[in-house]
Structure formats: structure tokens, C-alpha cells
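What follows is a set of notes on a single structure, which appears directly below.
Each chain gets a letter, A, B and so on, in the order its sequence line appears, and its residues count up from 1.
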Protein chains: 2
Amino acid sequence: MAVTLADVARRSGTSTAVVSYVMNNGPRPVAPATRERVLAAAAELGYRPNRIARALRAGTTGVVGLVLADASNPYFAALARSVERALERRDTLMMTGNAGYLPGRQQHMVERFLAAQVDGLIVVSADGGADVAAQAVAAGVPSAYVHHRPVPGQAPLVSADNDVAVRAAVEHLRGHGHRRIAFLSGPHDAGPVAERRDAWQRAASSSGPEPLLLRCDYSREAAARLTAELIAGGTMPRALIAATDEQAIGVLAAASAAGLPIPGRLALMSCDGTPDSAYTAPALSVMEQPLDAMAEQAVALLLDRAPASASLPAAHLVARRSCGCDA
Amino acid sequence: MAVTLADVARRSGTSTAVVSYVMNNGPRPVAPATRERVLAAAAELGYRPNRIARALRAGTTGVVGLVLADASNPYFAALARSVERALERRDTLMMTGNAGYLPGRQQHMVERFLAAQVDGLIVVSADGGADVAAQAVAAGVPSAYVHHRPVPGQAPLVSADNDVAVRAAVEHLRGHGHRRIAFLSGPHDAGPVAERRDAWQRAASSSGPEPLLLRCDYSREAAARLTAELIAGGTMPRALIAATDEQAIGVLAAASAAGLPIPGRLALMSCDGTPDSAYTAPALSVMEQPLDAMAEQAVALLLDRAPASASLPAAHLVARRSCGCDA
DNA sequence: TCCTCTCATCTAAACGATTAGAACTGCCAC
DNA sequence: GTGGCAGTTCTAATCGTTTAGATGAGAGGA
């Protein structure tokens with residue numbers, strides 16, 4: 001059915017080698033007249049090189065595996081798009097898999113991607129998993145964690161500096177007159193969320209009363225539930241930094257349902273800066289992660305075997321309505 | 001570096017054929033003792049079959065390509081996850097690509113996936129593109145459109161019946177006492193949005209005054225802009241059905257910014273039913289699309305070469321706050 | 001004329017898995 | 001003892017590309 005190199009060779013009266021040389025501007029030159037004939041034959045037959053055969057011969061597939069905790073989460077979805085763009089510049093395709101926050105499924109996806117001979121593996125991990133990238137290392141496949149590494153392991157981690165940005169967020173809320181600034185963290189935070197929590201802890205307790213640390217799952221639902229309880233119990237803080245946009249959106253939903261005005265009675269900020277955050281009601285003030293830069297660095301790490309440069313821009317503050325700004 | 005069949009054969013003192021038979025419970029039987037030896041050798045060496053080699057030989061890769069208009073759109077993201085689940089049941093991997101609503105890029109992605117020898121192609125298309133699946137048909141690769149087909153073409157379309165559901169939505173708003181029910185459509189609607197618009201047109205004009213048809217891009221931003229204008233001009237309808245959740249969320253954002261209470265001054269519904277819609281403020285009432293069923297049918301069409309059964313459930317109504325319900 | 005050198009092209013061996021066909025072992029019946 | 005048969009296992013071709021080594025044609029120098 002499919003047109004092969006041999007077909008083109010026959011049609012143009014040459015050999016498969018010449019056709020290959022033409023197709024790749026091969027390692028050897030081809031006479032101009034011959035090149036024309038080959039190109040014409042390929043066009044007529046509608047030849048499309050078989051990447052599988054090439055992959056077998058070359059030992060490289062031009063495919064990278066991306067394991068996500070959850071592609072429905074706008075933060076991860078945005079990250080995935082950034083990765084796709086970075087890969088496209090290198091003419092590389094992307095396989096994706098959702099681990100659904102389950103370490104077992106994450107392991108399973110990695111296993112399948114390795115069997116598919118991916119050239120590299122990017123893991124945007126869920127909390128609490130094992131060092132899945134260890135399998136990749138064992139298989140000789142370069143790998144990198146982005147955003148979060150569950151345990152210190154052999155694969156590099158690409159993550160922006162959260163300290164600067166969270167400090168800026170705390171200062172910004174102080175600028176709106178808030179003394180007690182609470183933080184909504186994950187259930188048992190680690191990785192970037194822990195960094196953010198630490199940065200907040202240092203910045204928020206540097207002056208003024210002891211700040212409040214809240215915890216809930218990384219979901220809109222959990223944050224909404226927690227918020228509803230706090231409002232009902234009369235213990236809702238007046239200023240809050242949520243670790244993730246998803247949580248912040250949950251807070252927003254519950255506050256709206258309970259009639260708690262934002263930013264009037266609650267100044268809210270969060271730490272991802274997904275596209276969604278610009279279209280909540282009110283619009284979320286966020287510290288926006290440099291997703292494109294993170295993706296580019298991860299891909300460079302895998303494909304160009306570049307050293308992990310530490311020169312990643314920090315997340316930067318985008319002030320909208322929810323913190324008390326007018327914009 | 002990698003362990004091959006030949007390595008396992010050498011280690012276990014057999015031939016590659018026997019090892020292959022063992023690995024696949026091959027087309028021929030193997031003596032129990034030999035099977036043990038092979039299995040042991042494979043385990044010791046950490047053998048992992050090379051899917052690329054298998055693919056070249058078998059002519060089938062176990063990979064399906066999914067071309068999305070925009071994976072950051074929660075509706076498409078949810079659809080992608082449904083497709084992934086359907087594929088997983090058939091032990092098939094998924095390559096994804098974003099076309100970014102650009103017909104040219106869509107074409108390009110299809111081209112690249114075909115070069116990668118995908119076993120099938122699912123296109124969740126943007127408006128206005130050519131019949132990209134025609135390339136797949138030409139290459140002998142089964143393909144299917146999901147949700148939307150830009151032009152009538154050779155590939156089947158999987159899409160749920162919108163008529164029943166939109167009619168239900170109109171009835172539901174009538175139940176809340178609304179006589180004039182407006183509809184927010186796309187810029188030049190086609191496919192499912194056109195079906196929804198038609199269903200609304202029929203249902204809404206069946207009794208009462210002529211209903212209002214609005215149009216804007218399928219983005220939060222565009223819907224927000226339009227809404228702001230309508231509110232400023234005093235022409236905002238009291239009841240509105242948005243074609244997509246994204247648009248509805250934009251309406252919500254602008255209404256909130258302008259202080260227009262929902263559902264008090266505007267009863268709002270929309271037509272996707274993404275996970276996001278449950279966590280807006282107020283929560284969106286939606287007609288929820290049967291994404292799992294759509295994905296399953298598309299995958300069955302490609303991989304099981306099942307006939308396109310018309311037995312797809314229609315989108316069904318989920319009533320939340322934004323329409324005026326208490327829930 | 002013969003040798004060398006360059007340029008263009010062809011031949012054929014990989015890559016790793018699958019699987020027909022051949023080959024070898026015992027075993028049983030005649 | 002020979003033929004046949006079943007049960008195992010081996011050999012080798014195949015999928016489509018890539019690319020090193022062999023081949024051949026023509027130009028130029030001696």
C-alpha cells in the first residue's frame with residue numbers, strides 16, 4: 001500500500017541509496033539531474049518517509065514521552081503546550097499520558113513509553129511517587145522532571161525559583177494594608193509547593209503576628225469545601241495566598257456562593273498564573289510561572305544534552321483584581 | 001546498550017524464534033522447561049521488547065495520533081482524556097498535537113503523524129480547515145473527526161445529538177419564567193455549534209417574541225468583551241445559552257466585573273459541561289456532552305473498524321446555580 | 001597508453017522482532 | 001529396521017531506511 005524508497009528508486013531509475021541521499025541531503029552528494037528525477041518521482045508517487053524504519057536503523061525515534069499528572073489541570077495543560085512548542089523546534093513528536101495522580105499509573109506510563117523507544121522522557125509528577133525516572137536512567141534514556149520531583153533521584157529537576165516571587169506576593173498584599181497573610185498549601189506539600197510555603201513562612205512572619213497555614217488537596221473542590229467551612233466558622237482570613245490556581249479558583253467559587261466579597265473581605269493571590277486565572281470572577285492576581293522557559297530547558301536537557309543551567313527566570317507577579325488592585 | 005531478543009536467546013541457549021514464541025505466547029508452542037529458561041534469562045537481563053522493531057515488521061505501531069485544536073481548552077482537554085482512556089483499553093499509545101485553531105498547522109500535524117505511521121488518526125478540528133482526514137484516507141490510515149468536521153469529507157464524524165439537549169435547556173429556562181432566551185454562538189458557526197443554534201432557534205421561537213442571536217469568538221476573552229459592551233449598552237438579555245463553556249465563563253467574568261448578578265439579572269447556561277463548569281462563580285448550569293462515549297466510539301471506529309453506530313447518548317442537562325436553580 | 005583521482009552511483013549489511021519452512025529428536029506401528 | 005508423525009527448535013527472510021564499502025566512468029597528467 002504505502003510507497004517506499006524502493007518504489008521511488010525504481011521509478012526514477014536509481015538505487016535506494018541515491019534516493020536516501022536526496023531525501024536527507026544525505027551524507028553524499030547527488031548529481032543535480034539525478035536529484036531532479038528522484039524528487040519528481042517522489043512527488044508523483046506521494047512518497048512519505050517511514051519514520052519507524054528510520055527509527056529502527058538510527059536508534060532514535062524523534063519522539064519524546066510526556067507523563068503528566070493530569071492534563072485537565074490548566075497548569076499542566078499549559079505546561080504541556082510549552083513542551084510541545086519546544087519539541088517542535090527540534091522536529092520532535094510528543095506522546096502524552098495522564099498518570100491521574102497515581103504513582104502506579106505513572107510507573108506504568110513510563111514503562112510503556114520506554115518500550116516505544118522514546119528519545120527522552122519528561123515527567124510532570126504527582127506527589128508521593130517513586131523515582132520513576134530511575135527506570136529511564138537504567139534504560140539509557142535521558143529524562144527530566146519538570147515542576148516537581150517526588151524524591152531526590154538521578155534525573156534532573158527543572159523548576160523556577162519560587163522564593164523571589166512569593167516574597168513579592170507577600171509584599172504586594174502588605175502594600176494593600178494586610179498584616180496577617182495566610183497560605184493555602186497542599187495536603188503534605190513537597191517540591192515547589194514546599195518552596196512556596198517556606199518563602200511565605202519567612203516573609204509573612206518577618207513582621208507582625210504569626211500567620212495562618214491552611215492545607216487541602218490540589219483541587220477546586222477541596223479548596224471550595226475548606227473555604228465554605230472557614231466562612232461558616234467565621235475563621236476566614238482577610239488575605240490569602242493559594243499555592244495553586246486550582247485551589248484559588250475553588251476558594252473563589254465558595255466565597256461567591258457564600259456571598260463573601262473578593263477582594264473586599266478576602267484578598268486572594270495564587271501561584272501558577274494559568275490562562276484561566278485571567279478569566280475568573282474576579283480575575284486572579286497571580287505569580288506567573290515561566291512555563292516556556294521551563295519547557296525549553298527540559299527539552300534542551302534531553303535532546304541537546306545541555307547541562308542543567310540554573311538561569312531560569314523566577315515566577316513574576318501579575319496583579320489583577322483579586323488582591324485588591326483595580327486592574 | 002539495550003537488551004535484544006538475540007541477547008536473551010544467547011543467554012538462555014536458544015534461538016530468537018523461541019524467545020519470540022515465549023514472549024508472545026507465540027504462534028508455536030514451547031517446551032515448559034525451555035520457556036522457564038527463557039523467562040529467567042529475560043528477567044535477569046531486564047529485556048524490554050523494542051516496539052519500533054515490532055512495528056516495522058508488523059506494519060502496525062500501536063500508536064494513534066490525536067490532533068486537537070487546543071489542549072488548553074478544558075473541553076478539548078477532557079475529550080483528550082476520554083480518548084486516552086479508550087485507547088488504553090486497547091493497549092495503544094497516543095501522540096498529541098495542538099493545531100492552535102490554525103488549519104495550516106492542523107495539516108502539518110496530520111502529515112507528521114502519518115510519517116510516524118500511526119495506526120489511526122483522531123481529529124478534533126478547528127473551524128474552517130480543509131478535509132485533513134483526506135490525507136489519512138489516501139495513506140490508508142483510518143481516521144475520524146470528533147465533535148466537528150470542517151467540511152463534509154471521507155472520514156466519519158462522531159458527535160452527540162445536540163437537539164434534544166438544547167431543547168431541554170430552553171425548556172429549563174422557561175421553567176424559571178424566562179420568555180426571551182438569547183443564544184451566544186460562534187463567529188460563523190458550523191458543526192455542533194450550528195446544530196445547537198438551530199435547536200435553540202426552533203425551540204426559542206416556537207412561542208413568544210423573536211429571540212436574540214449573539215456571536216463572538218470561542219474564547220473567554222471575546223465573550224467577556226461582548227458581555228461588557230452589552231451591559232454598558234443596556235442590551236444584556238435576561239436569559240442566555242452560550243454555545244460553549246469557555247464563552248459562558250467569559251460572560252461570567254464580565255458580569256461579575258460589572259456587578260451584574262447571576263442568576264438574578266442574567267440566567268446563564270452553556271453547552272459543554274467541562275469539569276471547570278462546576279467551579280465557576282456561580283456554578284454553571286450546562287448540558288454535558290457524553291465525552292467518554294464519543295471517545296470510545298471514535299477509537300472503536302479506528303481500531304476495531306467498527307461501523308459508526310448512531311447510538312450515542314445525547315448531551316444531558318446538569319442544573320447548577322447559574323440558571324436560577326438552588327443546587 | 002596507463003595510472004591516478006574525483007565524482008556519482010550501486011550493492012549489501014545492518015537495526016530488532018516476527019514467523020514460515022526446514023531440520024532434528026524420539027516414539028510408535030508396521 | 002524403516003516410515004511416519006508429533007513435538008521442538010533452528011535458520012533465514014522480511015519490514016523500510018541508512019550508510020560504509022565496492023564499482024564504474026570520465027578527466028587529467030605522465
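- In this structure, B:Asn73 contributes its side chain and B:Tyr75 its backbone to a donor-acceptor pair below 3.5 Å.
- Residues meeting the side chain to side chain contact (heavy atoms under 4.5 Å, CB included) test with A:Ser82, sequence neighbours left out: A:Arg85, A:Leu291, A:Asp292, A:Ala295.
- Across all strands shown, A:Ser20 has heavy atoms under 4.0 Å from base atoms, whether or not it also approaches the sugar-phosphate.
- Judged purely by atom type and a 3.5 angstrom limit, B:Asp272 has no side-chain atom pairing as donor or acceptor with the backbone of B:Thr274.
- The outermost nucleotides of DNA chain D lying under 4.0 Å from heavy atoms of chain A, listed 5' to 3', are D:dG16 to D:dA22.
- Mapping A:Leu5 and B:Pro29 onto DNA chain D via the closest heavy atom, the residue that lands nearer the 5' end is B:Pro29.
- Mapping B:Ala17 and A:Tyr21 onto DNA chain C via the closest heavy atom, the residue that lands nearer the 5' end is A:Tyr21.
- In this structure, A:Thr61 contributes its side chain and A:Gln117 its backbone to a donor-acceptor pair below 3.5 Å.
- First and last contacts of DNA chain C with chain B, using any nucleotide atom under 4.0 Å from a protein heavy atom and ordered 5' to 3', fall at C:dG16 to C:dA22.
- Sorted by first and then second residue, the salt bridge (charged side-chain N to carboxylate O under 4.0 Å, His left out) pairs with a member in residues 67-76 of chain A read A:Asp70-B:Arg81; sequence neighbours excluded.
- Evaluation of the ring-ring contact (aromatic ring centres under 6.0 Å, His included) rule for A:Tyr145 yields no partner, not counting sequence neighbours.
- Applying the side chain to side chain contact (heavy atoms under 4.5 Å, CB included) criterion to A:Ala136, with sequence neighbours excluded, gives A:Leu114, A:Leu121, A:Val141, A:Ser143.
- Non-hydrogen atoms lying under 4.0 Å from DNA chain D are contributed by nothing in residues 32-41 of chain A.
- Using modelled atom types, no side-chain atom of B:Ser125 and backbone atom of B:Arg149 make a donor-acceptor pair closer than 3.5 Å.
- Each salt bridge (charged side-chain N to carboxylate O under 4.0 Å, His left out) pair with one or both residues in residues 96-124 of chain A, not counting sequence neighbours, appears once here: A:Arg105-B:Glu84, A:Arg105-B:Glu88, A:Glu111-B:Arg48, A:Arg112-B:Glu88, A:Arg112-B:Asp91.
- More than 12 heavy atoms of other shown residues, nucleotides or ligands fall within 6.0 angstrom of atom CZ in B:Arg89.
- B:Val30 comes within contact range of the sugar-phosphate backbone alone, with a heavy-atom separation under 4.0 Å but no base atom that close.
- Inspection of the A:Glu246 and A:Ser219 side chains reveals no N or O donor paired with an N or O acceptor under 3.5 Å.
- Every pair passing salt bridge (charged side-chain N to carboxylate O under 4.0 Å, His left out) that includes a residue from residues 36-47 of chain B is listed here, sequence neighbours excluded: B:Arg11-B:Glu44.
- Residues from residues 46-62 of chain A lying near DNA chain C, meaning a heavy-atom separation below 4.0 Å, are A:Leu56, A:Arg57 in numerical order.
- Summary of helix geometry: the two end axes of the helix from C:dT1-D:dA30 to C:dC30-D:dG1, each defined by five base pairs via their C1' atoms, are inclined to each other by 80° (rounded to 10°).
- A distance-only check finds a donor-acceptor pair linking the side chain of A:Arg90 to the backbone of A:Ala86 [under 3.5 Å].
- Note on residues 17-26 of chain B: no pairs pass salt bridge (charged side-chain N to carboxylate O under 4.0 Å, His left out), not counting sequence neighbours.
- Residue contacts shown for A:Thr14 are limited to sugar-phosphate atoms, with no base heavy atom under 4.0 Å away.
- Just one residue in the list A:Val38, A:Val22, A:Thr34 forms a side-chain contact (heavy atoms from CB on, under 4.5 Å) with A:Ser12, and that residue is A:Val38.
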